[in-house]
Amino acid sequence: MCRERVEEGDDTVPVLIAMFTLAAVVAAGVAAIGWTRWRRAPLFGVLSVFSTGVALWAVSDVIAFLVVDPGEALLWGSILFPAESVVTAGFFCLAATVADRAWRVSWRTVTPLLIEPAILIALIATNPWHRLLIPGVTRAAWQGEFILQIGPLYWPHVVYGYVLVLVALFRVARARRRVPREQRWIYNWTLCTALPPMLINLVGLPLEGRYSDMTSVGFAITVIIAYRMVAHPTLPEQIPVGRQQVFDTLSDAVIVTDRCGRILDHNPAARRLAERIRPAAARGSAPPSAGSSDPPAVPSAEPPVPPAALSTGSPVPPDASLTGSPAREIFGADLHLREETETDQALTDVAGSGVDLHLRISPLHDRRGNAIGWALAARDVTEANRLRREVEEANALLREQVVRDPLTGLYNRRHLMDTLPGQLAEAAAGGTPLTLAVVDVDHFKRVNDTYGHAAGDAVLIGVARLLASGVRHDDIVARLGGEEFVIVLPGASGEVARARLEEIRELVARSRTRAGEHRLPVTVSIGLASFPGFRSVDGLLDAADGALYAAKERGRNRVEQAALPPRDVIAVPHPAGGPDRVGARGADGR
């Protein structure tokens, strides 16, 4: 790139000086404006640095026309090289900010960009000894201005600048493909900003040492376009900034995939979620290389990560990216991507990690309505599910407590009278038998009077346990009141039920109930009645009660079956909440 000195009397020299001066003034003005507005948007700060480099470049061009001594030309012309580095680095940061609105200038990005300028400054400082960067100063063949001669170490600097600019343009072009069509104009303008200086520089490179380099003027045009782009007041520019900020601060994990289910974009919450449920997949994520074919939308063949690996995996770095990974590597094979409509999916215990997710999947379409990908919004509902289960268990416990006898744990009279009509109606509809038995503890009043009510309670608990252990799963055992119990045996005829009740009676008779230091023998008397012989709830209860009295009168500790009624009377099953049978017995201590 050339540096100049003016020949008196050449009409084109004032024009060139005016052009370079104007370029320097424009760039310096934009740099000042950007510096005052950098708190409003990161783009203004980056634009200010970029414009400062362009201003220094144009100033070096102006000075090269004005100096008359070759030594001064060499001194002021050396400003050119650091200015070029500032311009290319500034353009890279400007393009990176446009490509990724969450990108911020940090020491992690600035440090690599400072390496080349630092080497360049060191070469300029040591140039008098090696002269590999600037061998000397000569006069241009056209205007007669002083021009810096170019050494072999200058060309790596040129290549580096072009590579940096091309990488920046590639990032912008790739980001442009991912945004809605109405928001692409800012990316188009960014791509256009590089055209003026690149065209001027490519034309001027072969003419190096013969004509004035107009690249700084081209970059001044870039500064104008960039400022117009950054300062545009309309909503399309402001919306992407707001969208990105909202996207990054959402507590729900949001992932955007392509049609094959490969992750294109994600927010920090998604990375944190991946670290929890699949740290191995998160650590191994890497963007696909250019030109690689899309992976098929099928689950990975790798075996799932066991829970032990999940708990011992090393944490994901803060800047880890999931881009390029199949979404099923994160959410597991249960993930279903459907093109038709939005769907909600519940993924329980994802990948064995103990995390429950509620996943909302929304298809993304192009202008023709074709599915081009999916947006996945995942919410961790582990704690909500745990609370829901606790509430359900508590409600189930309350329901059980409502229908359970607090002393024996058997069903209470209320539950018996609520379910018995349904049992009887079901037996009538299916033409199957049903037997009801009333069980009474023999000489229970004597136990209370002799050993106390605590011993009586122990007897009732022991008898209830034996009754429950002697019936089938479908049978119902309930405490009717006092020392009376009821057993309902669906599907059992009178003969079958009597045999089973005899086994229960013998089981109770063989047992002993511990009451303090005493082991009390206990017996029961049982009366039973069967459907279809008795066709109503009251009929069954009254008949079984009568059979129980007969068992008491015949010596207790026995089973008696009610005789069939003299005539077949059809009756409606008794509704729930019939007359209370507690206390129907006398105080004879049966």
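Computed from heavy atoms alone, side chains included, the values below leave out hydrogens, waters and symmetry copies. None of the values given here were measured: they were computed from a predicted structure.
- Atom OG of Ser530 is separated from atom CG of Leu540 by 8.0 Å, given to the nearest 0.5 angstrom.
- From Leu273, atom CG reaches atom CG of Asp252 across 10.0 Å, with rounding to the nearest 0.5 Å.
- Contact check on Arg272 versus Glu275 returns no salt bridge, with no Lys/Arg side-chain nitrogen under 4.0 Å from an Asp/Glu carboxylate oxygen.
- Closest approach of Ile526 and Leu548 over heavy atoms only: N-CD1, 3.9 Å.
- Look at Glu560 and Arg554 and you find a salt bridge, because one of the NZ, NE, NH1 or NH2 atoms lies within 4.0 Å of a carboxylate O, short of that distance.
- Across every non-hydrogen atom of Val355 and Thr382, the tightest pair is CA-OG1, 3.4 Å.
- Using a 4.5 Å heavy-atom cutoff, the side chains of Leu501 and Leu528 are in contact.
- Between Leu541 and Phe534 the shortest side-chain heavy-atom distance does not fall below 4.5 Å.
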- Start with the C-alpha gap between His266 and Val256, add the side-chain angles, then the distance that decides, and say whether side chain to side chain contact (heavy atoms under 4.5 Å, CB included) holds. CA-CA 6 Å; His266 60 88; Val256 179; over 6 Å; no

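- Within a 6.0 Å radius of CZ in Arg177, no more than 12 heavy atoms belonging to other residues, nucleotides or ligands are found.
- Using a 4.5 Å cut-off on side-chain heavy atoms (C-beta onward), Asp258 and Ile372 make no contact.
- The shortest side-chain heavy-atom distance between Arg262 and Ser325 does not fall under the 4.5 Å cut-off.
- Under a 3.5 Å cut-off, the side chain of Ser511 and the backbone N or O of Val508 do form a donor-acceptor pair.
- Annotation: the span from Met417 atom CE to Arg414 atom CZ amounts to 13.0 Å, rounded to 0.5 Å.
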- Carefully, step by step, assess Val438 and Ser525 under the rule side chain to side chain contact (heavy atoms under 4.5 Å, CB included). CA-CA 8 Å; Val438 179; Ser525 298; over 6 Å; no

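- Between Leu359 and Ala378, the closest heavy-atom pair is CD1-CB, 3.5 Å.
- A salt bridge links Arg500 to Asp475: one of the charged nitrogens lies within less than 4.0 Å of a carboxylate oxygen.
- Atom CZ of Arg498 is surrounded by more than 12 heavy atoms from other residues, nucleotides or ligands within 6.0 Å.
- Side-chain N or O atoms of Ser493 include none that pairs as donor or acceptor with a backbone N or O of Pro433 at under 3.5 Å.
- Closest heavy-atom contact between Arg558 and Ala551: CD-O, 3.4 Å.
- A salt bridge between Glu390 and Arg386 is present, with a side-chain N of the basic residue lying under 4.0 Å from a carboxylate O of the acidic one.
- In this structure, OG1 in Thr408 is found 8.0 Å from CD1 in Ile461, a value given to the nearest 0.5 Å.
- Nearest heavy-atom pair across Ala270 and Ile255 is CB-CG1, 3.6 Å.
- A donor-acceptor pair under 3.5 Å links the side-chain atoms of Arg505 to the main chain of Asn557, judged by distance alone.
- Tyr411 carries Arg404 over the face of its six-membered ring, with the cationic atom under 6.0 Å from the centre and within 45° of the normal.
- Looking at Leu416, Leu460, Leu480 one by one, the single match for side chain to side chain contact (heavy atoms under 4.5 Å, CB included) with Phe485 turns out to be Leu460.
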- Item | Evaluation steps, side chain to side chain contact (heavy atoms under 4.5 Å, CB included), between Ile504 and Leu466 | CA-CA 8 Å; Ile504 293 175; Leu466 293 172; over 6 Å; no

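- Between Leu364 and Trp374, the closest side-chain pair of non-hydrogen atoms is not below 4.5 Å.
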- Stepwise side chain to side chain contact (heavy atoms under 4.5 Å, CB included) test for Val381 and Leu357: CA-CA 5 Å; Val381 293; Leu357 293 180; 5.6 Å; no

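- Note that CG of Leu376 is 8.0 Å distant from OG of Ser362, once rounded to the nearest 0.5 Å.
- Put simply, the side chain of Leu489 does not reach to within 4.5 Å of the side chain of Val471, judged on heavy atoms.
- In this structure, Asn448 CG and His443 NE2 are separated by 14.0 Å, a value rounded to the nearest 0.5 Å.
- Between Leu407 and Arg479 the shortest side-chain heavy-atom distance falls below 4.5 Å.
- For CD of Glu426, the number of neighbouring non-hydrogen atoms (other residues, nucleotides, ligands) closer than 6.0 Å is 12 at most.
- Here the closest non-hydrogen pair linking Gly533 and Leu564 is CA-CD2, 3.7 Å.
- For Arg512, the CZ atom sits in a packed shell: over 12 heavy atoms of surrounding residues, nucleotides or ligands are nearer than 6.0 Å.
- Under the 4.5 Å side-chain criterion, counting only non-hydrogen atoms from C-beta, Ile487 is not in contact with Ile476.
- With 3.5 Å as the limit, one finds a donor-acceptor pair spanning the side chains of Asn385 and Asp356.
- One side chain, Asp442 or Thr523, offers a donor N or O that lies under 3.5 Å from an acceptor on the other.
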